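Just so it is clear, the structure is predicted and the values come from calculations on it, not from any experiment. A note on names: the letters A, B, ... follow the listed sequences, proteins ahead of strands, and every chain is numbered from 1.
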Amino acid sequence: MMEFLRKLLALFTLVAVVGSGSLAQAADNSGQATKKEAAKDLVLKGDAKCTECHDEADAPEKLAIGKTRHGTVADGRTPSCTSCHGESDAHVKNPQGGKTRPPVEVAYKGKFTSSPQAQTAACLTCHQGGNRIFWQSSTHAGRDVTCTSCHEIHTAHDAVRDKAKQTETCFTCHKEQRAQMAKPSHHPVPEGKMACSSCHNVHGSNPKQLARASTNETCYTCHMEKRGPFVHNHQPVSEDCGICHNPHGSTIANLLKARAPFLCQDCHASGGHPQQIAGLPDKRGTASTPGTVVMGSVGRGCVNCHTNIHGSNSTVNSATAERFRR
Amino acid sequence: MNKTMKQTFKLTALAAALATVYGTALADDSEMRQLTKPDSSISVGIGNWSGDRPQQGIYDDMGKSKAYGLVDMSVVKRDDATGTWMTFSGSNLGLDTREIKAEWLRQGDIGASVQFSRTPRDNPLTFTTGLLGVGTAAQTISGTAGANTLPQREVKLGTTRDMTQLGFYKSFSPALELQVTFKNEKKEGARQWGLGSAAYFLTEPINSTTRQIDVVLNYAGERLQLSGGYYGSWYDNANTFALGTIKGAAAGTTSSPGTTPLSLPLDNAAHQIYLNGGYSFSPTTRGNFKLSRGTVTQDESLPRFAAPSAHFTPAPTSLDGKINTTLVEAGLTAQPLPKLSLVGNLRYHDVDDKTPLAGYIGSNATLVPTVYNTPHSIKTKAAKLEATYRLPEDFSLIGGVEYKTQDRSAPTVGTLYVPFVRDLDESTYRLQLRRSLSETANGSLAYLHSKRDASDYVLTNDAEEDAINPMHIADRKRDKWRAVFDWAPAEQWSLQFVVEDATDKYSSGSMPQGLKDGTARLYSLDASYAVNDDWQITGWYSRDENKAKELGSREHSNVSASTNELARIQKEANLREVGDSFGLGIKGTAWSKVKLGGDFEWTRSVTEHAQSAVASGTGAIFPVNNGATSSALPDITNRLVRLKLFAEFAVHKHADVRFDLVHERWRTDDWSWQFSNGTPFVFGNIADGTTVTADAKQQSTFVSARYIYKFQ
């Protein structure tokens with residue numbers, strides 16, 4: 001009996017190898033063997049359930065998740081496919097045997113896209129902490145923006161987390177800011193030295209989704225010299241930088257919302273030179289001291305003389321000090 | 001079959017099977033590794049700009065016509081067994097804008113990073129000046145004539161920020177982690193400034209250091225999340241003041257001394273502790289809170305000077321400035337009905353300036369102060385409620401209301417130059433209909449109305465100054481519309497339309513001057529077309545228009561022979577700015593080893609400064625000063641055209657060669673630094689003589705080649 005089995009095995013092997021006729025055929029057979037091996041996890045813990053079908057031949061781009069923090073399986077917190085897409089047994093087993101399988105339980109794009117709440121819930125299972133505590137209260141969440149509206153999960157390079165490329169994502173919706181950022185005076189965002197997220201926490205619920213509790217607190221992280229307090233404070237400076245500046249861009253130098261003297265004249269009415277009519281002088285004067293009445297528009301406008309417009313610490317015993325000229 | 005034959009057959013079959021299987025395994029390993037393991041790359045190249053581009057090169061360190069080294073790298077290594085990452089990245093290493101970061105991280109356990117970033121800012125203007133001591137704390141302006149006239153030379157101004165950042169991360173458990181970030185930024189250079197008394201050219205010496213540390217402990221449980229920590233920041237300025245002297249000028253008076261002391265920002269520090277939290281009562285109901293308390297101090301000794309710039313004798317030697325900031329916030333999100341979601345929020349934000357009030361200007365004879373320091377406090381309380389109701393066909397209706405009320409401080413002593421208010425209320429109502437989740441057509445239509453009311457005015461008691469209501473506290477009604485429509489008419493096509501319209505109306509009442517109306521409109525169209533799997537075309541056009549109407553007046557008390565002004569002018573300014581932007585991009589793969597792409601960008605902005613004046617009396621509407629006569633402001637047009645092309649060739653499995661071509665044209669007729677006849681602006685009248693020139697037309701072409709080596 002054993003001899004018979006040995007002969008049967010030999011015959012089977014002979015058929016299997018010689019009958020194949022070529023190494024190429026053998027390679028095909030080997031490929032089938034590999035296919036069976038795909039039942040093992042390819043990238044993530046427990047991904048065999050999915051990668052049995054969605055393997056390197058079917059969806060190679062999906063496997064790029066292995067390049068990311070999500071794909072670092074040594075970190076016990078990292079997910080499997082089903083952590084984000086749900087167990088999706090109906091999709092896997094296709095119990096109806098239909099030509100088109102039922103969708104996965106949580107889909108992030110396509111015809112069967114899940115609700116925004118379902119999508120973000122999957123991410124928040126792990127990412128609710130830190131600066132995402134307030135996601136549910138954020139304007140983005142309230143407008144059906146989901147994590148994958150901005151983030152790419154199955155790629156080594158999530159563009160929105162790249163300072164140099166982030167605006168491509170943000171400008172998808174924020175067209176006004178795109179137009180402003182192209183103006184001559186702007187923060188170095190187009191140059192890639194800053195990103196929208198340098199000032200905004202888009203996962204948060206602060207006013208204007210700023211990174212800190214107020215406009216000024218946010219601006220002070222880079223412009224701390226404006227923080228004061230000064231001996232002579234300029235009230236709107238203390239209140240909100242955005243009263244005079246448009247941080248996203250302007251045609252006027254220093255991100256101003258309007259050109260001097262117009263901007264200054266939105267607050268300062270006076271019988272004197274503060275209400276001078278805006279005009280461009282034809283030349284400099286001939287007296288020993290330049291006057292003020294023709295200097296409010298040219299150069300830096302009012303700031304030609306009111307040099308410390310953000311606040312002054314002058315102790316000079318003169319009204320020139322309180323008017324930000326010292 | 002004999003024994004030998006059997007053995008031979010077995011060995012042959014086994015060898016064949018092993019060879020095929022082993023060979024395939026190697027290929028599979030290689031392929032899988034390429035697909036799933038982190039990538040690294042090193043890019044080395046050289047590029048050349050053919051012409052100077054001071055305006056476009058403000059931040060990119062490529063303002064000069066010359067060759068630049070282009071070096072970037074990203075080396076990412078991961079030990080899969082331990083989950084340990086070693087990364088080193090560098091960008092713009094051949095430029096002054098370089099950034100370097102190195103990080104070691106055992107994911108989920110512990111990590112540390114160090115980062116360096118340099119951000120230059122080059123002023124695009126050229127100053128031809130005799131000023132001595134540019135960027136220092138003692139500067140001398142060219143005098144009036146003869147020996148006091150200083151030789152002129154060209155000066156360029158700019159600043160550099162060097163930021164070093166250290167980061168530390170430690171995970172104590174899957175739910176508890178510590179993050180520490182420390183930033184040190186050194187800022188140096190010189191910024192355009194002024195003497196203060198009049199339009200003389202001076203430079204602000206920039207030599208400061210800021211330090212920030214953020215220590216945060218994050219807890220993220222299944223239902224409860226907490227984030228608490230300490231944020232400290234310090235500003236240190238190397239100079240507390242700068243002296244400006246007009247060479248040869250006499251000692252003069254307090255308002256016009258021979259040597260003028262100019263104050264600089266003094267050292268300040270801030271400390272903040274905070275605790276944020278959220279708790280999920282159920283999958284759809286969540287509460288959150290924010291608590292923070294911070295203090296800003298500025299207590300450096302105030303610089304004092306000898307006559308004629310002497311201080312007010314009783315004035316304190318230090319401001320002892322202190323501002324306390326408190327934030328208390330609580331929010332709730334809930335879904336009381338399957339189709340109804342609610343978001344509610346209460347916020348209390350108190351900026352309380354506790355700086356002691358003291359006189360800083362006054363009579364040294366009577367020791368009676370007339371001018372005091374000006375602490376400003378604002379307490380803001382806000383409540384917000386927003387409801388979203390899900391309608392059929394993926395429509396949602398969103399309604400929201402927000403109420404904000406402010407208690408604002410107003411100076412109680414000293415001189416006021418503008419009206420203040422003690423109370424400011426604003427109510428905002430939102431309504432939005434949106435459709436999402438559809439594959440072909442999504443969009444939203446939103447309307448916002450807000451009304452701001454001020455009360456309890458503190459006036460200046462000057463009829464002219466009280467005739468204006470400052471724009472940030474003036475009563476205002478705002479109406480804003482926003483329509484967005486995303487349409488994918490076919491699989492290859494994607495279109496997006498955006499229209500925004502905002503209107504502000506400022507009420508007149510007893511304060512007729514100031515900002516009256518404002519409008520902002522935006523029209524935008526984006527389109528993308530996938531020609532096939534390899535090629536995609538994108539295009540966009542947007543037009544933004546902003547308008548503002550301001551009223552003002554000058555009154556008779558300021559008429560003088562030297563200014564030849566009218567007895568009274570009632571003036572109206574209608575400011576308008578229109579911006580047009582157009583972009584077109586194409587990107588694709590030609591053959592299998594060549595990537596090609598191009599972007600065309602065209603932007604134009606036109607700013608108009610229309611003014612009208614109703615005059616009484618005789619004389620010119622535009623003032624005359626010591627021989628200089630002003631005239632109406634011309635429009636300003638800025639234009640930028642930029643064409644970018646690239647080609648990337650895969651010369652090897654692990655190497656690409658990339659060529660870039662950028663052609664850029666910038667043109668402006670901005671008159672900011674010109675006199676009305678088009679000649680460059682000159683500082684001073686008899687003294688100084690610093691001339692400012694702006695490069696109004698810039699045209700340059702950039703050509704570069706890079707070799708990119710990729711590895712894992």
A:S318, part contacting chain B, at a heavy-atom distance under 4.5 Å:
both
Sequence-distant partners of B:R434, salt bridge (Lys or Arg N to Asp or Glu O under 4.0 Å), two or more places apart:
A:D144
Given 3.5 Å as the limit, does a donor-acceptor pair link the side chain of [X] with the main chain of [Y], or not?
| X | Y | result |
| --- | --- | --- |
| A:T315 | B:H311 | no |
| B:S227 | A:G130 | no |
| A:E322 | B:V371 | no |
| B:N373 | A:H232 | no |
| A:K283 | B:S676 | no |
| A:R325 | B:A198 | no |
| A:R300 | B:Q192 | yes |
| A:D282 | B:T629 | yes |
| A:N304 | B:A199 | no |
| B:E550 | A:D266 | no |

Using a 4.5 angstrom heavy-atom cutoff, name the option from [options] with the most pairs to chain B.
| options | value |
| --- | --- |
| A:P184, A:A269, A:A182, A:A74 | A:A269 |
| A:I243, A:N317, A:T68 | A:N317 |
| A:R143, A:Q117, A:K62 | A:R143 |

Under 4.5 Å from a heavy atom of chain A, the part of B:L319 involved
side chain
Is any side-chain heavy atom of [Y] closer than 4.5 Å to one of [X]?
| X | Y | value |
| --- | --- | --- |
| B:P634 | A:L280 | yes |
| A:S270 | B:E464 | no |
| B:V343 | A:Q136 | no |
| A:K175 | B:S542 | no |
| B:F675 | A:R284 | yes |
| A:V73 | B:D80 | no |
| A:N308 | B:W193 | yes |
| A:K193 | B:D60 | no |

What's the shortest heavy-atom distance between [X] and [Y], and which atoms?
| X | Y | answer |
| --- | --- | --- |
| A:T72 | B:G83 | CG2-CA, 3.5 Å |
| A:N313 | B:P265 | ND2-CA, 3.9 Å |
| B:S233 | A:M224 | CB-CE, 3.7 Å |
| A:P188 | B:Y59 | CB-CG, 3.5 Å |
| A:C267 | B:M471 | SG-N, 3.9 Å |

Distance under 6.0 Å and angle within 45° of the ring axis: does A:R69 meet both against B:W85?
yes
Sequence neighbours excluded, the answer for ring pair (Phe, Tyr, Trp, His ring centres under 6.0 Å) partners of B:F420 is B:H376
Rounded distance (nearest 0.5 Å) linking atom [atom1] of [X] with atom [atom2] of [Y]:
| X | Y | atom1 | atom2 | value |
| --- | --- | --- | --- | --- |
| A:T286 | B:I686 | OG1 | CD1 | 7.0 Å |
| B:N345 | A:S205 | CG | OG | 6.0 Å |
| A:I277 | B:Q611 | CD1 | CD | 4.5 Å |

If you tally heavy-atom pairs under 4.5 Å against chain A, which of B:G278, B:S631, B:S444 wins?
B:S631
If you tally heavy-atom pairs under 4.5 Å between each of B:A81, B:P375, B:P261, B:S91 and chain A, the highest tally belongs to B:P261
Indicate yes or no: does B:E577 engage A:K183 in a salt bridge with an N to O separation below 4.0 Å.
yes
If you measure only the distance, is there a donor-acceptor pair under 3.5 Å linking the side chains of [X] and [Y]?
| X | Y | answer |
| --- | --- | --- |
| A:Q265 | B:K571 | yes |
| A:R178 | B:S524 | yes |
| B:T607 | A:R259 | no |
| A:H268 | B:E465 | no |

